[in-house]
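Down below is the structure, laid out as structure tokens.
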Amino acid sequence: MISTLLTNIGQHDPILHVTKDVKGDPRSEWISIRTIEDPYVQEVAKFAVIEFNVDKMTTFQYKRMLRCWIKEEMGGIKYRLVLEVKQEAPTQKVCKYEAVVWEASGRLIIRKLKLVSFVPCFD
């Protein structure tokens, strides 16, 4: 499933490296994506900001994605994204957030995204 996704994300070696959690469980590995400017990944990032705005009645504007990881989980793909968003006036402050988006996958499923989390990022 991950290999199919990677062919959609980028044509030129999108994998940067694989990171493991502390338990070393291969199913919990996050794969870091190098081609974060790819339209497929950008669409997921913009979806996260739009969903957060709708859910929390905010008006954040998507600025850019700084990092992206993916992992296969629960019959789909999870995206872990570090994003820069711009707050509306009067502050217009640019802040970093980490979002997790789950994408359902399967033969009969037409791309369904769900925002799992959207929290401030302090790295």
Side-chain angles (χ1 to χ4, degrees):
M1 184 184 312
I2 291 279
S3 60
T4 304
L5 173 70
L6 292 177
T7 59
N8 292 331
I9 290 176
Q11 302 300 321
H12 308 290
D13 187 26
I15 300 175
L16 181 60
H17 65 278
V18 175
T19 56
K20 294 182 181 178
D21 72 354
V22 289
K23 297 174 189 157
D25 182 351
R27 292 168 298 170
S28 63
E29 293 179 350
W30 285 99
I31 300 171
S32 181
I33 301 300
R34 180 182 310 169
T35 56
I36 61 175
E37 65 281 342
D38 188 273
Y40 189 81
V41 178
Q42 288 290 321
E43 186 180 324
V44 174
K46 291 173 185 174
F47 166 83
V49 176
I50 291 167
E51 270 309 289
F52 184 75
N53 283 339
V54 168
D55 187 45
K56 301 296 183 190
M57 294 192 290
T58 59
T59 54
F60 289 160
Q61 293 177 357
Y62 173 78
K63 294 274 298 165
R64 67 185 179 132
M65 184 179 351
L66 302 173
R67 282 180 251 150
C68 174
W69 300 266
I70 59 172
K71 104 170 147 175
E72 190 171 359
E73 191 172 287
M74 301 182 313
I77 303 292
K78 267 192 175 175
Y79 296 84
R80 190 171 128 217
L81 315 161
V82 176
L83 309 171
E84 276 188 352
V85 298
K86 182 178 174 183
Q87 296 177 347
E88 283 292 312
T91 64
Q92 295 196 354
K93 182 178 175 184
V94 174
C95 303
K96 279 196 235 179
Y97 280 82
E98 183 173 303
V100 175
V101 175
W102 180 72
E103 178 179 15
S105 62
R107 205 176 321 168
L108 302 176
I109 298 172
I110 298 173
R111 193 162 189 219
K112 179 179 169 151
L113 300 173
K114 179 181 180 194
L115 182 63
V116 176
S117 66
F118 196 93
V119 296
C121 183
F122 301 106
D123 66 342

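We count residues from 1, following the sequence as given. Computed from heavy atoms alone, side chains included, the values below leave out hydrogens, waters and symmetry copies.
For the pair Leu115 and Ala48, the tightest heavy-atom approach, listed with the atom from each and the gap, is CD2-O, 3.7 Å. Shown here for Ala99 and Phe118, the closest heavy-atom pair between the two residues is CB-CD1, 3.6 Å.
Shown here are the side chain to side chain contact (heavy atoms under 4.5 Å, CB included) partners of Glu84, two or more places apart in sequence or in another chain: Lys63, Arg64, Leu66, Val94, Lys96. With sequence neighbours left out, the salt bridge (Lys or Arg N to Asp or Glu O under 4.0 Å) criterion links Glu51 to no other residue. Qualifying salt bridge (Lys or Arg N to Asp or Glu O under 4.0 Å) partners for Glu43, counting only residues two or more places apart in sequence or in other chains: Arg111. For Thr58, the side chain to side chain contact (heavy atoms under 4.5 Å, CB included) criterion is met by Phe52, Asn53, Lys56, Phe60, not counting sequence neighbours. Among residues two or more places apart in sequence or in another chain, the side chain to side chain contact (heavy atoms under 4.5 Å, CB included) test is passed with Glu37 by Thr35. A search for side chain to side chain contact (heavy atoms under 4.5 Å, CB included) contacts involving Pro120 returns Tyr97, Phe122, not counting sequence neighbours.
Without hydrogens or angle criteria, Thr59 side chain to Gln87 main chain gives no donor-acceptor distance under 3.5 Å.
With rounding to the nearest 0.5 Å, the separation of CG in Leu83 from SG in Cys95 is 12.0 Å.
The only option from Val116, Ile33, Ile70 that meets the side-chain contact (heavy atoms from CB on, under 4.5 Å) definition with Tyr79 turns out to be Ile70.
Side-chain contact between Glu29 and Lys71: absent, with no pair of heavy atoms (C-beta onward) separated by less than 4.5 Å.
Note: the hydrophobic cluster containing Tyr62 also contains Tyr40 (ILVMFWY, side chain heavy atoms under 4.5 Å, direct or indirect links).
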